[in-house]
2 protein chains.
Amino acid sequence: MNRRRSPATAGRAFVRDYLPYLLAQANHAVHQGFAPRLRAAGLASVEWRVLATLSGGHGLTIGELAAEVLAQQPTLTKLVHRMARAGLVERRGDDADGRRTLVFETARGRALVAPLLAAAKAHERTALAAFPAADVAALKAILRALGAAAPARAARAAAGPRRPSPRAGRASAA
Amino acid sequence: MNRRRSPATAGRAFVRDYLPYLLAQANHAVHQGFAPRLRAAGLASVEWRVLATLSGGHGLTIGELAAEVLAQQPTLTKLVHRMARAGLVERRGDDADGRRTLVFETARGRALVAPLLAAAKAHERTALAAFPAADVAALKAILRALGAAAPARAARAAAGPRRPSPRAGRASAA
DNA sequence: TTGCAACACATGAAGTTTCATATAATATGC
DNA sequence: GCATATTATATGAAACTTCATGTGTTGCAA
């Protein structure tokens, strides 16, 4: 008798209806379909997100970029250093504010990411092909609304006292 | 003149309509609302996912658990060792197959996670309160369908040749 | 002006994750 | 039975991320 093949446990039943889990699983699944393209380009998923976000040539500060790619600021600082050494991005001081570092894509980074942007759009169309356009639009609207809570919540959290804590971060994405 | 405050760049425009990004951002935002509870309990998000998945008492193999919590197998193996040392889970050999290790929650793990399961449900209700129930049901249905692609794709990928690659993983979740 | 608070990023140490591969057990074909 | 392929997990080394804090710059009130 194989007890592991018994009906889903309470735990599995819980996570199968729990929104964060469904979001993570959907994200993981969609990402897995695109991961081979990233591997072929020699990019980690967070590097891809950085280059995709910087695409178009305007620079972002370290802090802005960290927020955009859903990473902690030290993580982004170190990643940008690595990507700069690889020639994919360029760091510049901000004339307007000496505390800030601006990050720009380089020609090399742009060349690397341009075909990936096109492939990403095609991959998204494939992933969503089974759903009516109205459902996709509604899905994206709800996801945007859910995602919009983060900046507001972060602003409220920043106003409160900071306290040391066990790690509960790393909810980042592909 | 602050060029960083110009209209959104092409890159930001792209990621703001790109499904994986919207999924990740929504996941991140919803997770951030729950993260303080996890910190208070002394749990990292991946530990929480393990305990939530194991809740109900049936064991899972290392491989099954890795798939459920969207982590690589070595990651899960090491995490389970750490959690076993902390007394939160228990490892057992599988009589049916000597290669396998089964993982069960302990009484201590159960006591830690039970209030969090209740809090997680309450948090989810709060996160979704602004949306009609029909929209929430539709959202979850689409997310489940998107998430279901992963096991099928993994099975197909496993049939193909394996090749070394730069890291393109770590699309995991809270 | 000056002192101090707040902001932005950098960095060291520690923890976590991944890659590549080793080891052990099981399945399969002959 | 035996050899080989496959499966499942463990492990070392390396890479990546986070925490806590340091350093430098700007903003603001007196």
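Residue numbering restarts at 1 for every chain, and letters A, B, ... go by the order of the sequence lines. Owing to the predicted nature of the structure, the values given are computational and were not obtained by experimental measurement.
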Legend entry - Thr77(B) vs dT11(D): side-chain N/O to OP1/OP2 distance below 4.0 Å: no
Inset, instruction - Indicate whether OP1 or OP2 belonging to dT16(C) is found under 4.0 Å from a side-chain N or O atom of Arg82(B). - result: yes
Inset, instruction - Look at the side-chain N and O atoms of Thr61(B) and state whether any lies under 4.0 Å from the OP1 or OP2 oxygen of dA8(D). - result: no
Inset, instruction - Specify the separation, in whole Å, of atom CG of Leu76(A) and atom P of dC9(C). - result: 9 Å
Inset, instruction - Identify which nucleotide among dG27(D), dT17(C), dA10(D) has an atom closest to any side-chain atom of Thr101(B), counting heavy atoms from C-beta outward. - result: dA10(D)
Inset, instruction - Please state how far atom CD in Glu47(A) lies from atom P in dA15(D), giving the value in whole angstrom units. - result: 13 Å
Inset, instruction - Please state how far atom CZ in Arg100(B) lies from atom P in dA10(D), giving the value in whole angstrom units. - result: 13 Å
Legend entry - dA8(C) OP1/OP2 closer than 4.0 Å to side-chain N/O of Arg91(A): no
Inset, instruction - Could you check whether the rings of Phe34(A) and Tyr18(B) sit parallel, tilted or perpendicular, using 30° and 60° as the cut-offs? - result: perpendicular
Inset, instruction - Please evaluate the base of dC7(C) for a donor-acceptor partner in the side chain of Arg99(A) within a cut-off of under 3.5 Å? - result: yes
Inset, instruction - In whole angstrom, give the distance that lies between atom CG of Asp97(A) and atom P of dT26(D). - result: 6 Å
Inset, instruction - Looking only at side-chain atoms of Pro74(B), point me to the closest of dA10(C), dT17(C), dA10(D). - result: dA10(D)
Legend entry - Distance, rounded to the nearest Å, where Met83(A) contributes CE and dC16(D) contributes P: 11 Å
Inset, instruction - Would you kindly give the NE2-to-C1' distance between His81(A) and dA8(C), to the nearest whole Å? - result: 13 Å
Inset, instruction - Classify the side chain of Lys78(B) and the base of dT18(C) as holding, or not holding, a donor-acceptor pair under 3.5 Å. - result: yes
Legend entry - Value in whole Å for how far the C1' atom of dG24(D) lies from CD1 of Ile62(A): 15 Å
Legend entry - Atom pair CH2 (Trp48(B)) and CG (Leu38(B)), whose distance is rounded to the nearest 0.5 Å: 7.0 Å
Legend entry - Side-chain donor/acceptor of Thr106(B) to backbone N/O of Leu88(B), under 3.5 Å: yes
Inset, instruction - Could you check how far CZ of Arg39(A) sits from P of dT18(C), rounded to whole Å? - result: 12 Å
Legend entry - Closest approach of Lys140(B) to Asp17(A) (non-hydrogen atoms, all atoms of both residues): NZ-O, 2.6 Å
Inset, instruction - Between dT9(D), dT17(C), dT18(C), spot the one nearest the side chain of Gln72(B), thanks. - result: dT18(C)
Inset, instruction - Look at the side chain of Gln73(B) against the base of dA8(D) and say whether a donor-acceptor pair falls under 3.5 Å; ignore hydrogens and angles. - result: no
Inset, instruction - Give the minimum heavy-atom separation between Val103(B) and Leu54(B), together with the two atoms involved. - result: O-CD2, 3.5 Å
